[in-house]
Colleague: 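Just passing along the structure, written as structure tokens.
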Amino acid sequence: MGLRLPFGKTEVSAEEIDSLVDRDLAVEHAKTGNVNQPEERIQEFIETVPELLSWLEANGRVYLWRETTDPWKVYLAEILLQRTRGNAVEKIYDDVLRQFPDPETLVEATEGEIEDVVRSLGFVNHRTRTLTEVGEIFTEDFGGEVPGSLDKLKRPWRVGDYSARATQLFAREQPMALVDSNFARVIGRVLGYEMPSQPHKSDDVYALMEALTPDDPDLARSFNLAILDLGALVCTSEDPDCPSCPLNSACSYYESEQGRPD
DNA sequence: GTCCGGCAAC
DNA sequence: GTTGCGGGAC
């Protein structure tokens, strides 16, 4: 066992993807977002996933936390990455791992020591309290280990669905859908899905993403990383680079001319 | 000025 | 549902 790192599986046929997603369920949930011609839209999207994964292989961002399945290293990274760019986390990640190689070292640290190492990321008070609780809870209740269920991963303050699910997906080989601002923007544009203001709170958005996420650990990894990186590098909120997007042939936003160059 | 691999409080 | 948290990069 063991995931293919860093990007999971990036060579795949459309037929294989089709066999690992729930197309009919995705179509049903697409209707809730007022997607036009949902059958055709979802089918086109599924057919384009191989190109999306090839794009990841060539363009994906390489970070240390993508090169490990150590749950502690992944979980720490997810806390640092909340509302924070990967490039910012990259600069301090080595220091964080060196100072806090396991939960017990967080218990032994002073508040000031934790504040100092995360200061450049912002949310300093939030992250310091979270990391303090992570140390206490994991040491006292879970024997110093990262627990294996979503509910337990979410016990520390300000660890929510995204961080917990990302840990299960990236460290525990559990195929799982993620919903964050990147996913909402990319899927919203490609499908023409009318996103609610808080996509991660929508059961329907989660159900749609679960239906579209391949039911295979390596492909779930690559699929999620691909959408994440596409949202960060190409399908940006301001001035998306649609002409170089691997999904543009299947994209509602591109079709509508909004994404066309001047 | 706007945005970032969220989350909890209100 | 909406708002605050935050330093850094553009």
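Only this structure's heavy atoms are used, side chains among them; waters, hydrogens and symmetry mates stay out. Letters A, B, ... are given to chains in the order of the sequence lines, protein chains preceding strands, and every chain is numbered from 1.
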Colleague: Are the charged groups of A/R66 and A/D229 less than 4.0 angstrom apart, N to O?
Modeller: yes
Colleague: Select base, sugar-phosphate, or nothing to describe what A/R127 touches, counting heavy atoms under 4.0 Å on all strands.
Modeller: base
Colleague: If you walk 5' to 3' along DNA chain C, what is the first nucleotide with an atom under 4.0 Å of a heavy atom in chain A, and what is the last?
Modeller: C/dT2 to C/dA9
Colleague: Once side chain to side chain contact (heavy atoms under 4.5 Å, CB included) is applied, do any residues pair with A/T48, and if so which ones, sequence neighbours excluded?
Modeller: A/E51, A/L247, A/S249, A/A250
Colleague: Does one hydrophobic cluster hold both A/F183 and A/L25, with members joined at side-chain heavy-atom distances below 4.5 Å?
Modeller: no
Colleague: Would you measure the distance from the C1' atom in C/dG1 across to the matching atom in B/dG5 and give it in whole Å?
Modeller: 23 Å
Colleague: Without placing hydrogens or testing angles, list every side-chain donor-acceptor pair under 3.5 Å for residues 103-110 of chain A, not counting sequence neighbours.
Modeller:
residue, atom, partner, partner atom, Å
A/T105, OG1, A/D102, N, 3.4
A/T105, OG1, A/D102, O, 2.5
A/T110, OG1, A/E113, N, 3.1

Colleague: Distance between the P atoms of B/dC10 and C/dG6, in whole angstroms?
Modeller: 15 Å
Colleague: For A/E47, what residues pass the side chain to side chain donor-acceptor pair (under 3.5 Å) criterion, not counting sequence neighbours?
Modeller: A/Q43
Colleague: Could you list by number each residue of residues 183-195 of chain A showing a heavy-atom separation from DNA chain C of less than 4.0 Å, or answer none if no residue does?
Modeller: none
Colleague: Do A/L169 and A/L5 sit in one hydrophobic cluster, given that two such residues count as connected whenever their side-chain heavy atoms are within less than 4.5 Å of each other, even indirectly?
Modeller: no
Colleague: Less than 4.0 Å between a side-chain N and a carboxylate O, is that true for A/E194 and A/R189?
Modeller: no
Colleague: Less than 4.0 angstrom from a charged side-chain N to a carboxylate O is my criterion; do A/R23 and A/D18 meet it?
Modeller: yes
Colleague: Taking the six-membered ring of A/Y193 as reference, does the cationic atom of A/R41 (NZ for Lys, CZ for Arg) lie under 6.0 Å from its centre and within 45° of its axis?
Modeller: no
Colleague: With the sugar-phosphate defined as primed atoms, P, OP1 and OP2, and the base as all remaining atoms, what B/S/- string results for nucleotides 5-10 of chain B, 5' to 3', for protein heavy atoms under 4.0 Å?
Modeller: BBBBB-
Colleague: Under a 3.5 Å threshold, yes or no: a donor from one side chain and an acceptor from the other, between A/T84 and A/R127?
Modeller: yes
